[in-house]
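Data block below; observations after.
The first residue of the sequence shown is numbered 1, and numbering continues consecutively from there. This one's a predicted model, so the numbers in the text were calculated from it and none came from an experiment.
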Amino acid sequence: QVQLVESGGGLVQPGGSLRLSCAASGRRFSNYVMGWFRQTPGKEREFVAAIRLSGDSTYNGDSVKGRFTISRDNAKNTVYLQMSSLKPEDTAVYYCAFKGGLIYSSIQYYTAKGAYDTWGQGTQVTVSS
């Protein structure tokens, strides 16, 4: 199995930046997709961004396009979420997710939380002055 550990959350002022990390360990896969989701109390978990190992394909949710960037370091088995121009409405618990093995060609499939089978414990991001 795969284990995911997120880090990098914290308190940041509006307009600021923060970088989240998600380190994967355990079973290795030749192909996988990793994603970031976020959730606030009483709301559904929302897709933020996803990246596929093969083809260098990424996809961002509409609410973060132009502000957030997902990237990966294969040597470290780590995925990053660089967040810029942060807004108070970005405040949430951010979760890392993983799906390995048979991967669909369309990365848009992985905007759904049901597409993933492994989740991290979450890291809190608070945007406030």
**Message:** In this structure, would Ile103 and Phe47 fall into the same cluster of hydrophobic residues linked by side-chain contacts under 4.5 Å?
**Reply:**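 Hydrophobic grouping puts Ile103 with Phe47.
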**Message:** So if I apply the ring-ring contact (aromatic ring centres under 6.0 Å, His included) rule between Phe98 and each of Trp119, Phe29, Trp36, which one comes out positive?
**Reply:**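 The passing option is Phe29.
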Is [Y] close to [X] at the side-chain level, that is, under 4.5 Å between some pair of heavy atoms?
X      : Y      : answer
Ser84  : Gln82  : yes
Val79  : Ile51  : yes
Val2   : Ser25  : no
Thr123 : Val93  : no
Tyr59  : Gln108 : yes
Val48  : Asn60  : no

**Request:** Measure up the Tyr110 and Tyr104 rings against each other and bin them: parallel (under 30°), tilted (30 to 60°), perpendicular (over 60°).
**Result:**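 Tilted, since the angle between the ring planes falls between 30° and 60°.
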**Item:** Whether Phe68 and Tyr94 hold their rings parallel, tilted or perpendicular, with breakpoints at 30° and 60°
**Value:**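 Rings of Phe68 and Tyr94: tilted, as their planes differ by 30° to 60°.
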Can you measure from [atom1] ([X]) to [atom2] ([Y]) and round to the nearest 0.5 angstrom?
X      : Y      : atom1 : atom2 : value
Ser71  : Arg19  : OG    : CZ    : 7.0 Å
Leu86  : Ser128 : CG    : OG    : 12.0 Å
Ser105 : Arg52  : OG    : CZ    : 6.5 Å
Glu46  : Gln39  : CD    : CD    : 10.0 Å

**Lys65 atom NZ, neighbour heavy-atom count above 12 within 6.0 Å** =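 More than 12 heavy atoms, drawn from other residues, nucleotides or ligands, come within 6.0 Å of this atom.
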Nearest heavy atoms of [X] and [Y], plus distance in Å:
X      : Y     : value
Val33  : Ala50 : CG1-CB, 4.3 Å
Arg38  : Ala92 : CB-CB, 3.8 Å
Val127 : Thr91 : N-OG1, 2.8 Å
Ile107 : Ser57 : CD1-O, 3.3 Å

**Prompt:** When the aromatic ring centroids of Phe37 and Tyr95 are compared, is their separation below 6.0 Å?
**Reply:**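 No, the ring of Phe37 stays outside the 6.0 Å limit from the ring of Tyr95, centre to centre.
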**Residues Ser21, Glu6; criterion side-chain hydrogen bond (donor to acceptor under 3.5 Å, both in side chains); working and verdict** = CA-CA 5 Å; Ser21 301; Glu6 300 105 330; over 6 Å; no
**Request:** Find out whether the Lys NZ or Arg CZ of Arg72 is both under 6.0 angstrom from the six-membered ring centre of Tyr80 and within 45° of the ring's axis.
**Result:**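 No, Arg72 and Tyr80 do not form such a contact.
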**Asked** Can you list the residues that meet the salt bridge (Lys or Arg N to Asp or Glu O under 4.0 Å) rule with Glu44, with sequence neighbours excluded?
**Response**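 If we apply the salt bridge (Lys or Arg N to Asp or Glu O under 4.0 Å) test to Glu44, skipping adjacent residues, the hits are Lys113.
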**Request:** Return yes if some donor-acceptor pair links the side-chain N/O of Arg67 with the main-chain N/O of Ser85 below 3.5 Å, else return no.
**Result:**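 Yes, Arg67 side chain to Ser85 backbone: donor-acceptor pair under 3.5 Å.
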**Message:** Which residue is it: Val12, Asp90, Leu18, Val64? I am looking for the one with a side chain to side chain contact (heavy atoms under 4.5 Å, CB included) to Met83.
**Reply:**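 Among Val12, Asp90, Leu18, Val64, the one meeting side chain to side chain contact (heavy atoms under 4.5 Å, CB included) with Met83 is Leu18.
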**Prompt:** Can you name the one residue among Leu4, Leu53, Thr78 that meets side chain to side chain contact (heavy atoms under 4.5 Å, CB included) with Met34?
**Reply:**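 Of all the options given, the one that passes is Leu4.
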**Message:** Set out, in order, the CA-CA distance, both residues' side-chain angles and the distance that settles side-chain contact (heavy atoms from CB on, under 4.5 Å) for Val125 and Leu20, then state yes or no.
**Reply:** CA-CA 9 Å; Val125 172; Leu20 305 182; 4.0 Å; yes
**Item:** Arg27: partners by side-chain hydrogen bond (donor to acceptor under 3.5 Å, both in side chains), with sequence neighbours left out
**Value:**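 Listed in chain order: nothing, the list is empty.
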